[in-house]
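These numbers come from the heavy atoms of this one structure, side chains and all, not from hydrogens, waters or symmetry mates. Position 1 is the first residue of the sequence; numbering continues from there.
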Amino acid sequence: MSEKSVDKATLKMIKKAGDDNVKLAWDRLVAQQPQCGFGQLGVCCRNCNMGPCRIDPFGDGPDTGVCGADADTIVARNLLRAIAAGAAAHSDHGRGIAATLYASARGEARDYPIKDEAKLKAVATEFGIVVEGRSVQEIALELAGAVLEEFGTKKGSLQFINRAPVQRRELWDKLGITPRGIDREVVESMHRTHMGVDNDYTSLILQGLRTALSDGWGGSCIATELSDILFGTPQPVKGVCNLGVLMEDQVNIILHGHEPTLSDIIVFAARDEELLAEARQRGASGINVCGMCCTGNEVLMRHGVPLAGNFLQQELAIVTGAVEAVIVDVQCIMPSLPQIAGCYHTKVISTSPKAKFPGALHVPFDEHNAMEVAKKILRLAVENYSNRRREKVSIPSDRMEYMAGFSVEALLAALGGTLSPLIDALKSGSVKGIAGVVGCNNPKYRQDYSHLTFIRELIKNDILVVATGCAAIACAKDGMLLPGAADEAGEGLKAVCKGLNVPPVLHMGSCVDISRILTVAAAIANALGVDIADLPLVGAAPEWMSEKAVSIGAYVIGSGIFTILGTVPPVLGSKNVAALLTSGADEVIGAKFAVEEDPVAAAELAVKHIAGKRVSLGLKA
Ligand code: SF4
Ligand code: FE2
């Protein structure tokens, strides 16, 4: 890798970290070399205390563990555990939002009024809840109860799967992978992977798909839809992105993690006159709240809050020396942050009882008392402004404007109230297909390079891109979320984007908001009377790293969408599992994975796949 990033702000702060003698993820990656070959292939197991065991990939050593498990069983079990962990993370996030809605409806969370009553009624109706003649509180209480029931439901399947086309649902039923309760699938996956339970790799992978589907059409969908109800459904919004959003003369706060419950309230708390006066007293001209990763995406989608960066920039924000507090909730928060903060004046403040960090200050967040806790946290940041060490401050000037906020509702509004113009554009070929590009950064790969190269190739080929998570932030930093980026698109896509004044890459939100992409895909399939697998769609995670991304990949192919992974998953120790995922799955579920580290070659795969689907639908390739 010639350079660690394509992002100039990142490169400048990596250099500063070196000067300040601060170790970053890239340094720790070097220290880990060579990384464990057994782990890379997925052939080590420590699921019981007869082990740990490992299979010799060269065939010279043991080909089973002590219990007799072979490489197929071990690789498939490890993969299923990763999916379960990812699904658990997204779904527990969803549960937290549902609990907040429940508290709001009971009048126990006064700082969380319902912001989108129309969406509350629409989602309640989907759940068969009567809305006519009832108060918002009554509807919200019944909906929150029904949603919380989805985690261990007795009714046999999840509600939101009914958005999927009937062909898809029948296939899930036939394969026995219709997701039942969300918690049930995660628990069953842990049960099956316990020593001596499910040892058949096909059976394990099918359970992986079912667990992942309980994430995409369950936990993630709940997180998205209920967040919209509570915090407002995103509408197109403009903002600014990259480390250059930090202000030399303001109290800088980074909101990092994933859940909007805390971050949304901080945005409002930061407008408090008393706190602003205190900031001014300390010599700051204001309080600058900025986002990072997905909790940043949540507040940028709804409030246009400046976004400081994506996953690999969390340490670098502290390295600027200009951040008074990094306030974190859950997921994708590097445990290194308090240590790095120790080299500057930054306070790392953890807020979730589920996520504590040695060296961080823990201020437990309480949704019943949200505004008060938010102000308490902000006060700590304001007070810390006096400790800023001017000689250590260097904020890169790099910043870029973006347009985001493309919820399904916003997309429909941009299209004039119906999906028909998009479907017509797909039929005519001015838009050849749609690609969902999602996922993380990974220090094994040049930051943002794969995201941006892959996406540029797609739009050149008239493929509309919908993006979430750190992939979307990569695009924001590079100007790809501006309507002007359509100049880089093929003639067909360019004309469509110019006509609607939208960018060729639509930012649809955080990682749980991939459920928005599923909803759009299902709606297009339903409008055409076909399965999702028949549509000219692809999914891609060019720089993925987390277990959540494994679950996402699995529910995207489980939903019938060909998915390209840009970083290699630990499954190559089993030829059978690798073959099932990259080939056999197509016959079973109508979609498969491809693994391609080169983003240009990955784009070729996407273009070819979309052309093939178009021909099958009777459209011009
Ligand atoms: Fe070894 Fe089997 Fe135990 Fe895994 S479950 S550690 S392969 S004995
Ligand atoms: Fe995320």
Side-chain angles (χ1 to χ4, degrees), residues 90 93-106 109 111-150 158-164 216-237 259-261 263-265 267-268 294 297-304 367 404-419 466 468 506-523 526:
H90 283 146
H93 166 171
R95 188 199 320 261
I97 307 291
T100 306
L101 181 65
Y102 188 68
S104 167
R106 284 166 57 96
D111 298 324
Y112 295 106
I114 282 147
K115 295 249 177 81
D116 191 337
E117 291 181 14
K119 183 140 189 179
L120 169 74
K121 287 181 182 162
V123 176
T125 305
E126 225 177 314
F127 273 75
I129 293 166
V130 176
V131 299
E132 281 307 312
R134 298 181 76 194
S135 73
V136 164
Q137 258 55 38
E138 280 173 333
I139 300 167
L141 190 61
E142 193 172 341
L143 177 63
V147 165
L148 286 167
E149 211 264 337
E150 294 285 275
L158 302 178
Q159 188 57 42
F160 284 124
I161 64 166
N162 294 308
R163 291 181 179 182
W217 297 89
S220 282
C221 203
I222 288 170
T224 298
E225 301 298 55
L226 269 52
S227 292
D228 285 356
I229 291 168
L230 274 173
F231 308 114
T233 302
Q235 296 300 324
V237 66
E259 295 182 349
T261 330
S263 51
D264 204 88
I265 214 95
V267 173
F268 292 98
C294 276
N297 279 327
E298 297 279 358
V299 285
L300 103 82
M301 289 286 283
R302 297 195 174 88
H303 309 298
E367 72 210 8
F406 291 95
S407 57
V408 178
E409 292 79 354
L411 187 62
L412 281 170
L415 291 168
T418 130
L419 281 174
V466 288
T468 62
L506 303 179
H507 188 338
M508 293 193 80
S510 64
C511 298
V512 292
D513 293 336
I514 296 168
S515 63
R516 300 191 202 274
I517 301 178
L518 291 182
T519 298
V520 172
N526 283 328

*Atom OH of Tyr112 with >12 non-hydrogen neighbours under 6.0 angstrom*: yes
*If only atom types and distance count, is the side chain of Asn526 paired as donor or acceptor with the main-chain N or O of Ala522 below 3.5 Å?*
yes
*Might you point out which heavy atoms bring Leu230 and Ile97 nearest each other, and give the distance in Å?*
CD1-O, 3.9 Å
*Can you measure from CE (Met508) to OG1 (Thr519) and round to the nearest 0.5 angstrom?*
8.0 Å
*Could you walk me through whether Thr100 and Glu367 pass side chain to side chain donor-acceptor pair (under 3.5 Å), step by step?*
CA-CA 7 Å; Thr100 306; Glu367 72 210 8; 3.1 Å; yes
*So, for Ala223 and Gly94, which heavy atoms are closest and what is the spacing to 0.1 Å?*
CB-CA, 3.7 Å
*Atom pair OG/CD1 of Ser515 and Ile222 - distance to nearest 0.5 Å*: 10.0 Å
_Atom pair CG (Leu158) and CH2 (Trp217), whose distance is rounded to the nearest 0.5 Å_ = 11.5 Å
*May I ask you to check whether His303 and Phe231 place their ring centres under 6.0 Å from each other?*
no
_Tell me which pairs pass salt bridge (Lys or Arg N to Asp or Glu O under 4.0 Å) where either residue lies in residues 96-106, with sequence neighbours left out._
Arg106-Glu108
*Counterpart residues, salt bridge (charged side-chain N to carboxylate O under 4.0 Å, His left out), relative to Lys119 (two or more places apart)*: Glu225, Asp228, Glu409
*State, to 0.1 Å, how close Ala124 and Leu143 come at their nearest heavy-atom pair, and which atoms those are.*
CA-CD1, 4.0 Å
_A side-chain contact here means heavy atoms from C-beta on lying under 4.5 Å apart; do Val237 and Met301 qualify?_
no
*Would you name the heavy atoms of Leu141 and Ala105 that are closest together and state the gap between them?*
N-CB, 3.4 Å
*Residue of the set Ser407, Ser227, Ser263 for which side-chain contact (heavy atoms from CB on, under 4.5 Å) holds with Arg302*: Ser227
*So do the side chains of Glu117 and Ile139 get within less than 4.5 Å of each other, counting heavy atoms only?*
no
*Atom CG of Leu419 and atom CG of Leu415: how far apart are they, to the nearest 0.5 Å?*
6.5 Å
_Can you list everything that forms a salt bridge (charged side-chain N to carboxylate O under 4.0 Å, His left out) with Glu126? Sequence neighbours excluded, please._
Arg163
*Any chance you could lay out the side chain to side chain contact (heavy atoms under 4.5 Å, CB included) test for Val466 and Val520, step after step, and finish with the verdict?*
CA-CA 10 Å; Val466 288; Val520 172; over 6 Å; no
_Value rounded to 0.5 Å, distance of OG1 in Thr468 from CG in Asp513_ = 7.5 Å
_Heavy-atom check, side chain of Leu101 versus side chain of Val147, under 4.5 Å_ = no
*Between the side chain of Glu150 and the main-chain N/O of Gln159, is any donor-acceptor distance below 3.5 Å?*
yes
*Which heavy atom in Ala140 sits nearest to a heavy atom in Ile114, and how many Å separate them?*
CB-CD1, 3.5 Å
*About how many Å separate CG of Leu226 and NE2 of His93, when rounded to the nearest 0.5 Å?*
10.0 Å
*Mind checking what makes side chain to side chain donor-acceptor pair (under 3.5 Å) contact with Glu149, not counting sequence neighbours?*
Thr153
*Mind checking what makes ring-ring contact (aromatic ring centres under 6.0 Å, His included) contact with Phe127, not counting sequence neighbours?*
Phe160
*List for me each residue that meets side chain to side chain donor-acceptor pair (under 3.5 Å) alongside Asp116, sequence neighbours excluded, and say none if there are none.*
Thr233
*Looking only at non-hydrogen atoms, find the nearest pair between Gln137 and Ser104 and report the distance.*
NE2-O, 4.1 Å
